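The next block holds one structure in the form of structure tokens; read it before the comments.
In what follows, every heavy atom counts, from backbone to side chain, and hydrogens, waters and symmetry copies are set aside. One-based numbering along the sequence shown. Everything numeric in this text was worked out from a predicted model, so none of it was measured.
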Amino acid sequence: MILLRRELGDVLRDVRLAQSKTLREVSASARVSLGYLSEIERGQKEASSELLSSVCDALDVPLWGVLREVSDRIAIAEGEHIPDTVPADLEASVRPLAAAV
């Protein structure tokens, strides 16, 4: 079974390691206990939106980017193909919404 908290933890860990940051550095910057951040990375705890935002700030990555990576990983795990571009019909359906904003 695919669990959102595991995928989210994997993405956060991958980002942290790619930046060569320690759990201690990120936890201090995000003002989250080291143990709790470790449990989130291991997929043992659910991260609140506030906590996730703090961790993303500490890693200097946008929340949407983390969530997109999680979404892509789940789609791949479920056997879906992730297109390299936005399908034309989807883009056309979103364009009126974007123009209204």
Side-chain angles (χ1 to χ4, degrees):
M1 176 190 327
I2 301 166
L3 294 177
L4 178 62
R5 70 176 185 257
R6 284 190 193 147
E7 294 300 327
L8 181 60
D10 287 346
V11 169
L12 292 174
R13 182 184 312 106
D14 289 349
V15 170
R16 179 178 61 77
L17 293 175
Q19 295 178 4
S20 299
K21 291 185 177 179
T22 65
L23 269 172
R24 187 172 308 282
E25 291 169 329
V26 175
S27 70
S29 180
R31 297 180 185 197
V32 177
S33 78
L34 183 115
Y36 196 66
L37 182 57
S38 175
E39 287 179 311
I40 289 169
E41 281 193 0
R42 289 181 282 137
Q44 295 177 336
K45 296 285 184 182
E46 299 277 353
S48 70
S49 57
E50 293 86 359
L51 183 134
L52 186 54
S53 180
S54 293
V55 173
C56 286
D57 287 346
L59 292 170
D60 196 32
V61 294
L63 176 59
W64 67 264
V66 169
L67 295 177
R68 174 142 189 192
E69 179 65 22
V70 170
S71 176
D72 287 351
R73 289 181 184 204
I74 291 172
I76 291 168
E78 291 179 344
E80 294 295 321
H81 171 72
I82 307 297
D84 290 337
T85 60
V86 176
D89 58 334
L90 176 60
E91 183 178 1
S93 70
V94 173
R95 189 169 290 143
L97 296 174
V101 174

Search all heavy atoms of Ala58 against all heavy atoms of Val26 and return the closest pair with its distance.
->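 Of all heavy-atom pairs spanning Ala58 and Val26, the closest is CB-O, 3.9 Å.
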Exercise: identify the closest heavy-atom pair between Ala47 and Leu8 = CB-CD2, 4.3 Å
For the hydrophobic clusters of this structure (ILVMFWY residues joined by side-chain heavy atoms under 4.5 Å, transitively), does one cluster hold both [X] and [Y]?
X: Ile76; Y: Ile74; value: no
X: Leu17; Y: Val11; value: no
X: Val66; Y: Trp64; value: no

Could I get the full list of salt bridge (Lys or Arg N to Asp or Glu O under 4.0 Å) partners for Asp72, not counting sequence neighbours?
-> none
side-chain hydrogen bond (donor to acceptor under 3.5 Å, both in side chains) against Glu46, all qualifying residues, sequence neighbours excluded | none
Judged by atom type as modelled, is there a donor-acceptor pair below 3.5 Å linking the side chain of Arg5 to the main-chain atoms of Gly43?
-> yes
For Leu3, which fellow cluster members are found when Ile, Leu, Val, Met, Phe, Trp and Tyr are connected by side-chain heavy-atom distances below 4.5 angstrom, either directly or through intermediates?
-> Met1
Can you tell me how far CG of Leu63 sits from CG of Leu52, rounded to the nearest 0.5 angstrom?
->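 Output value for this atom pair is 5.0 Å.
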Those residues that, when tested against Ser48, pass side-chain contact (heavy atoms from CB on, under 4.5 Å) (two or more places apart) =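 Partners of Ser48 by the side-chain contact (heavy atoms from CB on, under 4.5 Å) criterion, ordered by chain and then number, come out as Glu50, Leu51.
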Would you mind listing every side-chain hydrogen bond (donor to acceptor under 3.5 Å, both in side chains) that reaches into residues 26-40, with sequence neighbours excluded?
-> Ser38-Arg42
Taking only residues at least two apart or on different chains, which pairs with a member in residues 10-19 satisfy side-chain hydrogen bond (donor to acceptor under 3.5 Å, both in side chains)?
->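 Listed once each, the pairs are Asp10-Arg13, Asp14-Arg73, Arg16-Glu41, Gln19-Lys21.
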